[in-house]
Asks: 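There's a structure below that I have some questions on.
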Amino acid sequence: MRKKVVAGNGKCNTTLQEGIELAQTVNQLVTEKGDKNITVVLCTPFTHLTKVVELVDGNRIGVGAQNCAAEAKGAFTGEVSAAMVKSTGAGYVILGHSERREYYGETSEILNKKVALTLANGLTPIYCCGEALETRQAEKQNEWVKRQLDETIFQLPVEEVSKIIIAYEPIWAIGTGVTASTEQAQEMLAYIRGLIADKFGKEVADKTSILYGGSCNAKNAPELFAQPDIDGGLIGGASLKGEDFLGIINAY
Ligand code: PEP
């Protein structure tokens, strides 16, 4: 059985104090009322990681970063390495989010370095892929996503690729309030699972958790999560409010 995962992407939101308050709220809600079969992950700003790791119940909530450096260490002012993330007690790193690809020029080449360092440090990458609106309108989304995967995580040996969580996030659905339809999300996640099966075998494909992300909320999550290939969600806006996030966690 593959893991069902609901991961919050806090983005560049919350001061440390606000982030602690939010994590405390989420921790209380999840430990008291959360579905125990769901792996819950809070991906916080780097500055919050140590505190959030300390305060959550590690048996119920994993903690992750939203990025890491493409280099292991050294003269890279302002960067935070995968080893540094690991040293906080965090277990996950979001990589390849469309905002990082678009605003910070993250290419497949850069992402390959980040994925390798993340895995080498025993962290689980939550690897994002997804197309822009024009690509969807041109009905080229499958080719687009395939290329994003072929150039990056599909280059890994099977034992490494099987450690990765994949998140399909159509860019046109991120933060827009426009969710992909259940059919569009299921179709793409089944397509990605098929690609994994072709390249790495059915057993690996069946074990890989593939998430949907993009304006997912407590209202649309039950229908999305009921689909056979949707193993949970990567949640932006709705992860900033404890009750909303709990509603998504309990959507199965
Ligand atoms: C995201 O940024 O990963 C995301 C899914 O955002 P939102 O849920 O706000 O669309």
Side-chain angles (χ1 to χ4, degrees), residues 4-14 18-19 22 26 38-46 48-49 52 61-68 90 92-104 106 111 114-115 118 124-133 135-136 141 144-145 148-149 152-153 164-182 184-186 188-189 192 209-225 227 229-252:
K4 307 277 186 206
V5 181
V6 174
N9 174 12
K11 309 198 188 192
C12 187
N13 292 302
T14 71
E18 290 162 349
L22 176 63
V26 170
I38 309 299
T39 299
V40 178
V41 183
L42 283 178
C43 295
T44 76
F46 291 129
H48 304 14
L49 287 172
V52 173
I61 299 177
V63 179
Q66 302 164 20
N67 179 33
C68 71
Y92 299 82
V93 182
I94 297 174
L95 290 175
H97 192 284
S98 59
E99 288 155 12
R100 297 223 46 100
R101 291 180 193 259
E102 189 179 341
Y103 307 142
Y104 301 96
E106 292 201 356
L111 288 169
K114 294 188 177 195
V115 169
T118 300
T124 301
I126 302 176
Y127 187 80
C128 303
C129 57
E131 81 287 353
L133 185 59
T135 309
R136 169 67 60 169
Q141 66 273 12
W144 181 272
V145 167
Q148 285 185 321
L149 297 172
T152 57
I153 57 172
I164 295 178
I165 295 171
I166 297 174
Y168 166 64
E169 299 204 305
I171 298 170
W172 44 273
I174 296 176
T176 58
V178 180
T179 319
S181 70
T182 307
Q184 286 172 323
Q186 163 57 26
M188 178 57 85
L189 269 59
I192 293 172
S209 296
I210 312 179
L211 317 183
Y212 166 77
S215 298
C216 187
N217 56 42
K219 223 163 158 196
N220 56 35
E223 194 180 310
L224 284 162
F225 293 179
Q227 301 306 303
D229 286 290
I230 302 183
D231 303 316
L234 181 55
I235 317 298
S239 71
L240 295 171
K241 295 197 184 106
E243 286 288 349
D244 291 355
F245 194 46
L246 179 74
I248 299 173
I249 293 161
N250 286 346
Y252 272 101

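Atoms within a ligand are numbered from 1 in the order they appear, just like the ligands themselves. We number each residue from 1, following the sequence as shown.
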Asks: Enumerate the atoms of ligand 1 whose separation from the nearest heavy atom of His97 is less than 4.0 angstrom.
Replies: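 Going through ligand 1 atom by atom, the ones under 4.0 Å from His97 are 1 (C), 2 (O), 3 (O).
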Asks: I want to know if ligand 1 touches Leu234 in the polar sense, i.e. an N/O pair below 3.5 angstrom.
Replies: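 No; the residue has no nitrogen or oxygen that sits under 3.5 Å from a nitrogen or oxygen of the ligand.
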Asks: Does a donor on one side chain sit under 3.5 Å from an acceptor on the other, for Glu169 and His97?
Replies: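 His97 and Glu169 do have a side-chain donor-acceptor pair below 3.5 Å.
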Asks: So, regarding Ile174 and ligand 1 (criterion: nitrogen or oxygen to nitrogen or oxygen, under 3.5 Å), is there a contact or not?
Replies: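 Not met; the criterion fails.
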Asks: Can you list the ligand 1 atoms lying under 4.0 Å from a non-hydrogen atom of Gly214?
Replies: 5 (C), 10 (O)
Asks: Checking side chain to side chain contact (heavy atoms under 4.5 Å, CB included) for the pair Tyr92/Ile165: CA distance, chi angles, key distance, verdict?
Replies: CA-CA 10 Å; Tyr92 299 82; Ile165 295 171; 4.0 Å; yes
Asks: Taking 4.0 angstrom as the limit and counting only heavy atoms of Ser215, give me the atoms of ligand 1 inside it, by number and element.
Replies: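 Those atoms are 7 (P), 8 (O), 10 (O).
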Asks: Output the distance between atom CZ (Phe225) and atom CD1 (Ile248), rounded to the nearest 0.5 Å.
Replies: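 Those atoms lie 6.5 Å apart.
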Asks: Quick one: does Ala238 get within less than 4.0 Å of ligand 1, heavy atoms only?
Replies: no
Asks: Heavy-atom count around Glu223 CD within 6.0 Å, excluding the residue itself: above 12?
Replies: no
Asks: Between Leu189 and Asp229, which heavy-atom pair has the shortest distance, and what is it?
Replies: CD2-O, 3.5 Å
Asks: Using the side-chain contact (heavy atoms from CB on, under 4.5 Å) rule, pick out the option among Leu111, Ile174, Ile166, Leu234 that qualifies with Cys128.
Replies: Leu234
Asks: Does at least one non-hydrogen atom of Ala173 fall below 4.0 angstrom from an atom of ligand 1?
Replies: yes
Asks: Within the structure, does Thr176 bring an N/O atom to less than 3.5 angstrom of an N/O atom in ligand 1?
Replies: no
Asks: Which ligand 1 atoms are under 4.0 Å away from a heavy-atom of Asn9?
Replies: 1 (C), 2 (O), 3 (O)
Asks: Could you find the nearest protein heavy atom to atom 2 (O) of ligand 1 and give me its residue, atom name and distance?
Replies: Lys11 NZ, 2.6 Å
Asks: Dump the intermediate steps for side chain to side chain contact (heavy atoms under 4.5 Å, CB included) on Ile126 and Asn9, then the final yes or no.
Replies: CA-CA 11 Å; Ile126 302 176; Asn9 174 12; over 6 Å; no
Asks: Atom 3 (O) of ligand 1: which protein heavy atom is closest, and how many Å away?
Replies: Glu169 OE2, 2.7 Å
Asks: Determine whether Pro125 and Ile153 make a side-chain contact, defined as any pair of heavy atoms from C-beta on separated by less than 4.5 Å.
Replies: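 No. Closest side-chain heavy atoms not under 4.5 Å.
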Asks: Applying side chain to side chain contact (heavy atoms under 4.5 Å, CB included), run through Glu131 and Trp172 and close with a yes or a no.
Replies: CA-CA 8 Å; Glu131 81 287 353; Trp172 44 273; 2.9 Å; yes
Asks: Is any N or O atom of Gly175, backbone or side chain, closer than 3.5 Å to an N or O atom of ligand 1?
Replies: yes
Asks: Among all the protein's non-hydrogen atoms, which is closest to atom 8 (O) of ligand 1, and how far away is it?
Replies: Gly236 N, 2.8 Å
Asks: Which of the numbered atoms in ligand 1 are below 4.0 angstrom from a heavy atom of Gly237?
Replies: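 Every atom of ligand 1 under 4.0 Å from some heavy atom of Gly237: 7 (P), 8 (O), 9 (O).
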